[in-house]
Amino acid sequence: MTRKDVPTEFLGFARPKGRAGTRNTLLVLGINGLVTRAAERISAALPGSRLVATPYGRGQLGRDKDMHTAQLIGLGAHPNVGAVLIVAADRPTAESIANGIADRSARPVEIVSLDDVEEDALALTATGIRLGGALARLISGQPRTPLPVAELFLGIECGHSDATSGLFSNPLSGAAADHLVERGGTVVIGETLEWLGAEHVLAKRAADAAIGRAVVAAVESRERAVSTLGVDLLYNNPGYENVRGGLSTIEEKSLGAIAKAGSSPIRSVLDFAEPPATSGLHVMDGPGFSPESMTGFAASGAQIMLFTTGAGNSFCSLLAPTIKISAHPHAALRTEQIDFDASALWRGEATLPDMTEGLLSRIIDVASGLSTWGEVYGEGNESFARFGSSF
Amino acid sequence: MPADNSSSGTAWNAVVIDTADNVAVALMELTDTAVVERGTAIECVVLREPVAPGHKFALRAIAAGDPVIKYGQAIGIATSDIAEGAGVHVHNVRSNRASSA
């Protein structure tokens, strides 16, 4: 498919290691729930910085601890982060996270910990502001330069979906995803339980048989975990509202959801927050709640999110500009929330190929610095997902 | 651009998502004739019954036991013969996934 009007480059921030940034911000990263408020005070004193502060950090074991560490390192090494100030309770943990971030991103990382200031949280704040200020100034001089769209890594999410999502917004984002993958870009979708009923279709699109089996196994594993709670996901699914809206089977419902990934071969099944080893389309075995799902995408390195919605949904990633897409004729007019109005598809006034060119151009604009509504209004957040409870 | 359709004021009133599909989706309450967008072509389907917005109808006859195809994929199996232009929903299609679980 040729789309000669779509730019092949965007203006981004070249990085010493890893994908280019679509933003260049100082990240204040609170890695322990004991210093959350101090991290908030430091970030508030440094306008333009972004704050991610976990409420956890102690009493975590096994896979739960690994998953927490993967999110901290992944968010710290995010392509849109120019430098990181780690705010910590103890220095050894901070150094371990800092080394993980530096190994993956080769970007400047500074640490301030309660260890350094005799457990004085106000001294921690003052030291953090000075260290963070120096980092903010350091990265402020970096210019945007032309970079190939192959550098782009899209995370695609859907939320508050309706009939317009499966018919239009999801196939539209899928077409944009296909275009970027053809040009060497990277795409991820997640929300494992939204593959239920369509896992055979995803499996057939896997680049090899082992990946196909991993897709099916991921769904089965979560389905089993849910059924041990006494819940049958297939009972009443599609539910009453789905059936009333015209959805007949679970396959139809899930096919509508996975349409947002497009039709490229699936290169791997990623663990939660795991960076993809190659370009192309990947699926992430992760939770279905958008704030957690998108934090997994961000921690794996996605620098732009596409978020399709029917009725509207204001949630955005903090680190990756989130492009809200709706084809609902009323919701799409909510211009303080919807970044791309696809309702002309519903009204029959535009074709999918035309609309795809428009969406691709919008993606390039946002990658090059155009603010999303979520950025304008500060809707972005990151939510740490857990695998178990604390000990 | 597609031809005008007087019943809706826009070009078409139903869509086909994939060229392999044997069902289309109504974009509004349809009672008589569906004007279907299929890629760049427009085709008319005479409906056997009213079809609600978001609901499906058959683009061609589907025999009992044959797959119902949407998004280019089987979304289930026809449980009875479905005539061209007839509604396709839970009364005449069943899931493959649920029946095997």
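This one's a predicted model, so the numbers in the text were calculated from it and none came from an experiment. All chains are named by letter (A, B, ...) in the order of the sequence lines, taking the proteins before the strands, and each is independently numbered beginning at 1.
In this structure, L27(B) and F168(A) have side chains that are in contact, with non-hydrogen atoms separated by less than 4.5 Å.
Panel note: side chain H55(B), backbone R244(A); a donor-acceptor pair is recorded below 3.5 Å. The backbone N or O of E252(A) lies less than 3.5 Å from no partner atom in the side chain of K70(B), so there is not a single donor-acceptor pair. A donor-acceptor distance shorter than 3.5 angstrom exists from the side chain of E251(A) to the backbone of R97(B), with no hydrogens or angles considered. In this structure, S95(B) contributes its side chain and T249(A) its backbone to no donor-acceptor pair below 3.5 Å. Side-chain atoms of Y71(B) never come within 3.5 Å of backbone atoms of I258(A) as a donor-acceptor pair (strictly under, hydrogens ignored).
With values rounded to the nearest 0.5 angstrom, Q73(B) atom CD is found 9.5 Å from L202(A) atom CG. Rounding to the nearest 0.5 Å places OG of S254(A) at 11.5 Å from CD1 of I75(B). To the nearest 0.5 Å, the span separating CD1 on I250(A) from CG on N96(B) amounts to 13.0 Å.
Residue V15(B) touches chain A through its side chain alone, counting heavy-atom pairs closer than 4.5 Å. Looking at V88(B), only its backbone comes within 4.5 Å of chain A, counting heavy atoms on both sides.
Scored by the side chain to side chain contact (heavy atoms under 4.5 Å, CB included) test, N313(A) finds H160(A), F307(A), T309(A), F315(A) as partners (sequence neighbours excluded).
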